[in-house]
Amino acid sequence: MLYNILTSYAMRRTGAAAVTMAAASVIIFAFIHLIPGDPTYVILGDGATPEQAEALRIKMGLDKPIFVQYVTWALNVIQGDLGNSLFFQAPVLEIIADGAETSLLLAGLTMIWVILIGIPIGMLAATRQGTTVDQTASGLAMFFASVPTFWVGLYLILIFAAWLGWLPSSGYPSIFEEGGLTNLRYLLLPSLALAAPNAALILRLTRASMLDVARQDYVRTARAKGIRPWQVTTRHIFRNALLAVVAAFGFTLAGLISEAVVTETVFALPGIGRLVVQSILRRDYPVIQGVILIIVMLYLVINLCVDLINRYLDPRVELE
Amino acid sequence: MNYTKLKALAFASVLLASAGANAETILRYATIGEPPSLDIQVGTATISSTISNHMFETLYAFDSTFTPQPHLAASDAVRDGGKTLVVTLRKGVKFHNGQELTAKDVEASLKRWGEHGSRGKLLLKSAVSIEATGDYEVTIKLEKPNGAWRNLLAFPNGGPVIYPASVMATAGAEPLAKENYIGTGPYKFGEWRPNRYVELVKFDGYSANPAPANGLAGKRDALADKIRFMPVPDVGTRVSGVQAGDYDYAENIPGDLFEGLSADKSVRIHLGGAPIFGLMFMNSKQGPLQANFKLRRAIQTALNKEEALRVSIGPETLWKANGSIYPKGSAWYSEAGIEAFSEGNAEKAKAMAKEAGYDGTPIKLLVSTNYQFHYDQAAVFTSQLAKAGINVQMIVVDWATLIKKRAQPDQWDIFFTHHGTVPDPVLLTPLNDTYPGWWTTPEKQALKDEFTGTSDKAARIKTWTKIQALMYQQVPAMKTGEIYAYNIASPKLKGLLEKTIFWPSLWGVTK
């Protein structure tokens, strides 16, 4: 029964998502082409002649009316072809796929840190409310939530790469290349830097919602029934407090995509975030459009997943 | 995980990493960003030249005194008073595809460069014919002599690098595709992983120039097996990457880190041998500065360039407030007009502006934030001009926007860019009639004809002096001072040139 409700709900949401994507594609295309700028001189360099630039513009199809350019692009996208990068002369999908490996692994590792650090320490702080443990944890959380990730990143590089030499300072060779899974060590420092503010937020949220739930009547009842304290904490308090935390995971994960831009730049990671920023500077329209379209899609998927998981965790949640 | 385990893990990963490295030497070069196309006949981006210089070669190459020496060429003969140039090629030079270099390849490359190359028109606009007159002999016939010909054939940036005739047969105005990156250089094209690196691989069939290595000329020896150019846009990461040993070389390090890095034993400073210089172009097509040379001189008089250099660059070893377009020591160095370079006299400027009929119209200064020193200097100049009563309105954009706007004469009055040292003044953008700014006064054209019309070095230097004087009088573009960029290298690198020549070169280098 629950399964059926979830499936039909997911189907309806997918339909709505398609409409959102179509609207987003128009907006993305229009906005990107509204920014002034000229990719031809970026490709040819400052010394190029106007004739050269014009020839390249025609070759890249940038001389055609914007509407025609959109329709051509949109028709290709529907067939799964995001076009070719103006700058790299390579398929956008291939470039994004390569960047996606870095970004997904970085996001994955970051989420592991966030969960491993944020939730247990948050629980600890909540159960020891007011003690030194709580104050230290909350203080540190406040600190890491406030400092910018690039600052944390640069310090991590300085300490662990430049001084101690334990970990590589930057870059990331694919796990499918020489080195295999050991290449993940390249992502340790960046994922820690990226996890710092997010783990801090999850820590504070876990602590706050657990304290909130702990004041509920049913918790008092549970304690009065003589259930063991740790069982009350895990089954009654934590499980209910988790609802708010899972919702926060959704936007944390989605937020990672944009936050990763800074981290990827600081650690010279070949991820999606840096790719899109550099592509904007180069006016590599097909890459920008492709990446943003995929990010929009990711947001829609993540939102859907969060709603489904919430429904699963809490049967009272209504799926509209 | 406890400390011991962490250490063990780190040790294991170091072992794994070094196991791979023993097999071959890879030089890792951290660049400021991703290069655009590596076809440098049509492209002039600095970063492309840095990379492509290892793959493609020119008929001539610059030695350490910036004098062109035969490179793929073996010798030459100049006939008909400079109108006929006969270049004889070295024999036995191999392309990366195994073919031997012949005159046909040179003919095809020069023809494409003349038609579509960024700087090809400078030499070959007046070409009557370019012909392979033997297996190893090419003859270029010009309508009139061009004194800059060897310099133009030696400068690879937007220059006549030699590709196989088979590649040139289908090449047009647009940059070559990757599979056609075939040259004669000590390294050949390996792989381009967007966002990760461009990899060049040692070319085993390389036929080096027999002359001893001197600057970029003479023998080039690929010592490392591979060179990887990796985009690392953040400067802090480039620096700590070299300190940590993750990169062997990193380019474009800002002046404020110079003192710290000079004292740091984990890196070595590699100075640029030729400066770059800021240039502010005046709009000769439209607006208040169009033909008002008096007002332009008033602006010039108001500026204290030294102050701007100190603010924007920092340590004095890295800049020079030199008014000559060419640095001291260059054959083209001249003191003509340079007393007006950096007067910084607000009162005098105010009087000159009044005399020029300046009515307070805002002057639009277009500048980008992509290059920090452009913006810093422009901000200093704006405040200096305000003191002289000249109202400057800064339009701050990113580089890609600036490039678009500067092509539209109604969008700006002054725009800020910079220029690298070029071996011959004909390569300077202010001398290019179609470059935004569009300086095409009759006085300039007359001097330009005089300049290219002779091969006599002394006569050319004399005319160049007159052109520089005219640049201080008509102010088509203002030099804002010399900047000696520097890079850093791992102390383990052996064989680097004492200073870079135009761009860093990594042949002859190993670790």
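Labels below follow one simple rule: chain letters A, B, ... track the order of the sequence lines, proteins then strands, and each chain is numbered from 1. Reckoned from all heavy atoms, side chains included, excluding hydrogens, waters and symmetry mates.
- Atom CG of A:L56 and atom OG of B:S37 lie 9.0 Å apart (nearest 0.5 Å).
- Of the listed residues A:T265, A:T40, A:D98, the one with more heavy-atom pairs under 4.5 angstrom with chain B than any other is A:D98.
- Rounded to the nearest 0.5 Å, atoms CG (B:N195) and OG1 (A:T102) are 7.5 Å apart.
- Of the atoms belonging to A:P50, it is side-chain heavy atoms, and not backbone ones, that fall under 4.5 Å from chain B.
- Of the listed residues (B:P35, B:S266, B:G117, B:A30), the one with the most heavy-atom contacts under 4.5 Å to chain A is B:P35.
- Remark: B:R406 is positioned above the aromatic ring of A:Y41, its terminal NZ or CZ atom under 6.0 angstrom from the ring centre and at most 45 degrees off the axis.
- With a 4.5 Å cut-off on side-chain heavy atoms, B:R119 and A:T49 do not count as touching.
- Inspection of the B:D246 and A:S169 side chains reveals an N or O donor paired with an N or O acceptor under 3.5 Å.
- For the pair B:D398/A:R283, a side-chain contact is recorded, criterion being any heavy-atom separation below 4.5 Å from C-beta on.
- A:G37 and B:K404 get closest at one heavy-atom pair: O-CD, 3.4 Å.
- Looking at B:T434, both its backbone and its side chain come within 4.5 Å of chain A, counting heavy atoms on both sides.
- Contacts of A:A55 with chain B are made by side-chain atoms alone, with heavy-atom separations under 4.5 Å and no backbone atom involved.
- Counting heavy-atom pairs closer than 4.5 Å to chain A, the top-ranked of the candidates B:G236, B:P436, B:P194 is B:P194.
- With a 4.5 Å cut-off on non-hydrogen atoms, A:P173 touches chain B through its backbone but not through its side chain.
- Heavy atoms from other residues, nucleotides or ligands lying under 6.0 Å from CZ of A:F29 number more than 12.
- Of the charged side-chain nitrogens involved, at least one lies within less than 4.0 Å of a carboxylate oxygen, so that B:R193 and A:E177 count as a salt-bridged pair.
- One side chain, B:S118 or A:Q52, offers a donor N or O that lies under 3.5 Å from an acceptor on the other.
- Put simply, the side chain of A:V42 does not reach to within 4.5 Å of the side chain of B:P36, judged on heavy atoms.
- The minimum heavy-atom distance between A:L154 and B:D234, with the atom names listed, is CD2-OD2, 4.2 Å.
- The neighbour count for A:K59 NZ, taken as heavy atoms of other residues, nucleotides or ligands under 6.0 Å away, does not exceed 12.
- The contact between A:Q89 and chain B is made by backbone and side chain atoms together, counting heavy-atom distances below 4.5 Å.
- At a 4.5 Å heavy-atom cutoff, the contact between B:A177 and chain A is made by backbone and side-chain atoms alike.
- For B:S48, no part lies under 4.5 angstrom from a heavy atom of chain A.
- Two residues are said to be in side-chain contact when any heavy atoms from C-beta on lie closer than 4.5 Å; B:Y197 and A:P270 fail this criterion.
- No more than 12 heavy-atom neighbours from other residues, nucleotides or ligands sit within 6.0 angstrom of CH2 on A:W113.
- When all heavy atoms of A:A268 and B:V232 are compared, the closest pair comes out as CB-CG1, 3.7 Å.
- The two residues B:T44 and A:A48 have their closest heavy-atom pair at OG1-N, 3.9 Å.
- Side-chain atoms of A:L44 and B:P175, non-hydrogen and from C-beta on, do get closer than 4.5 Å to each other.
- Interface remark: A:I43 contributes backbone and side-chain atoms alike to the contact with chain B (heavy atom separation under 4.5 Å).
- For A:S85, no part lies under 4.5 angstrom from a heavy atom of chain B.
- Two residues are said to be in side-chain contact when any heavy atoms from C-beta on lie closer than 4.5 Å; B:P231 and A:R274 meet this criterion.
- In terms of heavy atoms, A:G171 sits closest to B:Y247 at N-OH, 4.1 Å.
- Atom OG of A:S170 and atom CE of B:M230 lie 7.5 Å apart (nearest 0.5 Å).
- B:R196 places a side-chain heavy atom less than 4.5 Å from the side chain of A:Y172.
- For A:I157, the part lying under 4.5 angstrom from a heavy atom of chain B is the side chain only.
- When all heavy atoms of B:E34 and A:F87 are compared, the closest pair comes out as O-CZ, 3.6 Å.
- The CD1 atom of A:I159 sits 12.0 Å away from atom OG of B:S240, with the distance rounded to the nearest 0.5 Å.
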